[in-house]
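No hydrogens, no waters, no symmetry mates; every other heavy atom, side chains included, goes into these values. One is the number of the first residue; the rest follow in order along the sequence.
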Amino acid sequence: MSDVSMQMMSGKQKKMDQYERMDQQVVIGDIPLSWRDVVNVARHAAPLVLSRACRERVQQARDVVEQVAASTVPHYGINTGLGALCHVVLEREALSSLSKHTLMSHACGVGAPLREDQVRAIMCCAVINYSHGHSGISPALVERLVQLLNANIVPWVPSRGSVGYLTHMAHIGLVLIGEGEVLVEGGRMAASEVLRQHAITPLELGPKDGLSLVNGTPAMTGLACLVLDDAARVADWAEVAGAMSFEALRGQRDALDPAVTGLKRHPGVQHSAGILRRLLTDSPWLEQCQGDHLQDALSLRSMPQVHGACRDQWEHATRQIDLELQSATDNPLVIAEDGHYRIVSQANPHGASVAMACDVLAMAVAEWGSMSERRSYRLVTPQANDLPAFLTREGGIKSGMMIAQYTAASLAADNKRLAQPAVVDNFLTSGLQEDHLSFGESAALKLDQALENTYQILAIEMLLAAQALDLIEAPGFASGTELARRLIREQVAYYMEEHPLHRDIENLHAWLRHPHSLSPFAGYVG
């Protein structure tokens, strides 16, 4: 097993250890940040820094909230109750309790916890949201979130229970005040103890702090930034896996000819076709196979069209998420006009844009997986190729790779269910106040699961394709696919059924997931 595999298979390593730490800071100032900046903070531990201009914006909005909190004019969430209790006006001395009780009551998530990188991404997006200077949250809370991120103190956050916002950020907010729990070496510890160990004093909440901590779209946006990162890698691995299968199945390269694919005007199609041509361009084996049959199955000849369409959906999602990062999504918002300020109750926390982006991308991810499973089926099916049945020379006593394709089919079927949109669902919450919900966090989380499934599907296809290439007596393969085959063989040997097949799938899956595993293919997929 390679050094990469040994690193990936070490179960004792914390999640953040999988990613190379970045020394370059991510500065929140006047330049819009992108989803890649969030990934650098969440997965690569890039230090997060607030500029002076950012601090000034946060403070100015806070000054307005303090003035409003001292008045008797009702302003939602500042000196009133929340949701259906918005008409209950509170005294100034009760507003700190309102913020604390907001966190306590909203921290009602259930289920398995989010991963460390997911929680860090949410925290980063929360800071970006507050940095626009329209929330009115206490500057000390923003600074504390940055401090926790840079110290890698990660709140324990249950993954289930959000209809679009509220619960995930509430659990994060608890840690700021010394409540809740923190992830520690795969387990959890009381936040009060962790803060004590780091000499960090729990914060006191003020007016609107509790509402600002639970409000807006940072949770779904943070989760979305990570799935964009994963989907970008899936897109490239789908081309590598597809090229290997294309070669093993004697694909006809005319379908990839730029004179053909150039007539399909979509940018993703051009991108995908170019990668496949680079991976396959110098194959003596394919040159020998040209013309020996008229037309390939669609899972082979339509790769540029299908993979390319998926890439276009990824591009659309990146634009939506970047725009969300540039948006102020609290409620109410502090609006500055001609030197005066207004407090406006509105619906910017509604996450329809993020939810739809994740739902559409989930369909693309399901398509990447579906195409891969279909190619795996052709690799193991004797009626569909000229290879030894089920990729073994000892058929009968051995089943070869037959059942690996079953696993891929099961995962592809799961993806079809996960591709069902979350955003079109709806329920009534908060009395009659919140009667249309985005389910953006549900959309992002099911997309995360679909991506995990597709990584496994691609690992199976590459395992099968490498076995197929090993069984072919060829004058030589393309440099791109030969590179892939060689790297796969550094992870797993040719399969002889002397150990359970799941081990090889696990090793290849870990390799595909490693942040640096695509680096050798930079000249092909870039």
So, does [X] use its side chain to make a donor-acceptor pair with the main chain of [Y] at under 3.5 Å?
{"X": "T221", "Y": "T217", "result": "yes"}
{"X": "H44", "Y": "A46", "result": "no"}
{"X": "S327", "Y": "T329", "result": "no"}
{"X": "S51", "Y": "I28", "result": "yes"}
{"X": "H514", "Y": "H516", "result": "yes"}
{"X": "S135", "Y": "D330", "result": "no"}
{"X": "R120", "Y": "V41", "result": "yes"}
{"X": "D37", "Y": "V26", "result": "no"}
{"X": "Q118", "Y": "R115", "result": "yes"}
{"X": "D359", "Y": "V423", "result": "yes"}

Do NZ/NE/NH1/NH2 and the carboxylate oxygens of [X] and [Y] come within less than 4.0 Å?
{"X": "D30", "Y": "R52", "result": "no"}
{"X": "E66", "Y": "R92", "result": "yes"}
{"X": "K100", "Y": "D209", "result": "no"}
{"X": "D322", "Y": "R319", "result": "no"}
{"X": "R36", "Y": "D229", "result": "no"}

Looking at every non-hydrogen atom in both residues, tell me the closest pair between [X] and [Y] and how far apart they are.
{"X": "A224", "Y": "A444", "result": "N-CB, 4.3 Å"}
{"X": "Y130", "Y": "L145", "result": "CE1-CD1, 3.8 Å"}
{"X": "Q320", "Y": "A357", "result": "CB-CB, 3.9 Å"}
{"X": "A170", "Y": "A107", "result": "CB-N, 3.5 Å"}
{"X": "A355", "Y": "S438", "result": "CB-O, 3.5 Å"}

Could you tell me whether the side chains of [X] and [Y] share a donor-acceptor contact shorter than 3.5 Å?
{"X": "E204", "Y": "S96", "result": "no"}
{"X": "E181", "Y": "H171", "result": "no"}
{"X": "S353", "Y": "E324", "result": "no"}
{"X": "Q270", "Y": "H266", "result": "no"}
{"X": "E179", "Y": "S192", "result": "no"}
{"X": "R233", "Y": "S517", "result": "yes"}

Please step through side-chain hydrogen bond (donor to acceptor under 3.5 Å, both in side chains) for the pair Q59 and D63, ending with a clear verdict. CA-CA 6 Å; Q59 185 63 61; D63 291 342; 2.9 Å; yes
When rounded to the nearest 0.5 angstrom, what is the spacing between [atom1] in [X] and [atom2] in [Y]?
{"X": "T102", "Y": "L205", "atom1": "OG1", "atom2": "CG", "answer": "9.0 Å"}
{"X": "S299", "Y": "R375", "atom1": "OG", "atom2": "CZ", "answer": "7.0 Å"}
{"X": "Q326", "Y": "S34", "atom1": "CD", "atom2": "OG", "answer": "9.0 Å"}
{"X": "W35", "Y": "C225", "atom1": "CH2", "atom2": "SG", "answer": "8.0 Å"}
{"X": "L325", "Y": "S131", "atom1": "CG", "atom2": "OG", "answer": "9.5 Å"}

List the steps, then state whether side chain to side chain contact (heavy atoms under 4.5 Å, CB included) holds for Q305 with L298. CA-CA 10 Å; Q305 291 78 12; L298 278 169; over 6 Å; no
Apply side-chain hydrogen bond (donor to acceptor under 3.5 Å, both in side chains) to residues R311 and S272 and explain how you reach the verdict. CA-CA 8 Å; R311 286 182 177 274; S272 178; 4.9 Å; no
Assess the residue pair H106 and M169 against the criterion (side chain to side chain contact (heavy atoms under 4.5 Å, CB included)); give the C-alpha distance rounded to whole Å, side-chain angles, the decisive distance to 0.1 Å, and a yes or no. CA-CA 9 Å; H106 287 52; M169 277 302 300; over 6 Å; no
For a side chain to side chain contact (heavy atoms under 4.5 Å, CB included) check, start with the C-alpha distance between L213 and L176, then their side-chain angles and the critical distance, and finish with the verdict. CA-CA 10 Å; L213 282 170; L176 302 177; 3.8 Å; yes
Are W368 and W314 near enough that their ring centres are under 6.0 Å apart? no
Aromatic ring centroids of H132 and H134 under 6.0 Å? no
Step through the shown structure and confirm whether more than 12 heavy atoms of other residues, nucleotides or ligands are within 6.0 Å of CD on E337. yes
Could you go through the side chain to side chain contact (heavy atoms under 4.5 Å, CB included) check for Q449 and N415 one step at a time? CA-CA 8 Å; Q449 182 58 58; N415 278 356; over 6 Å; no
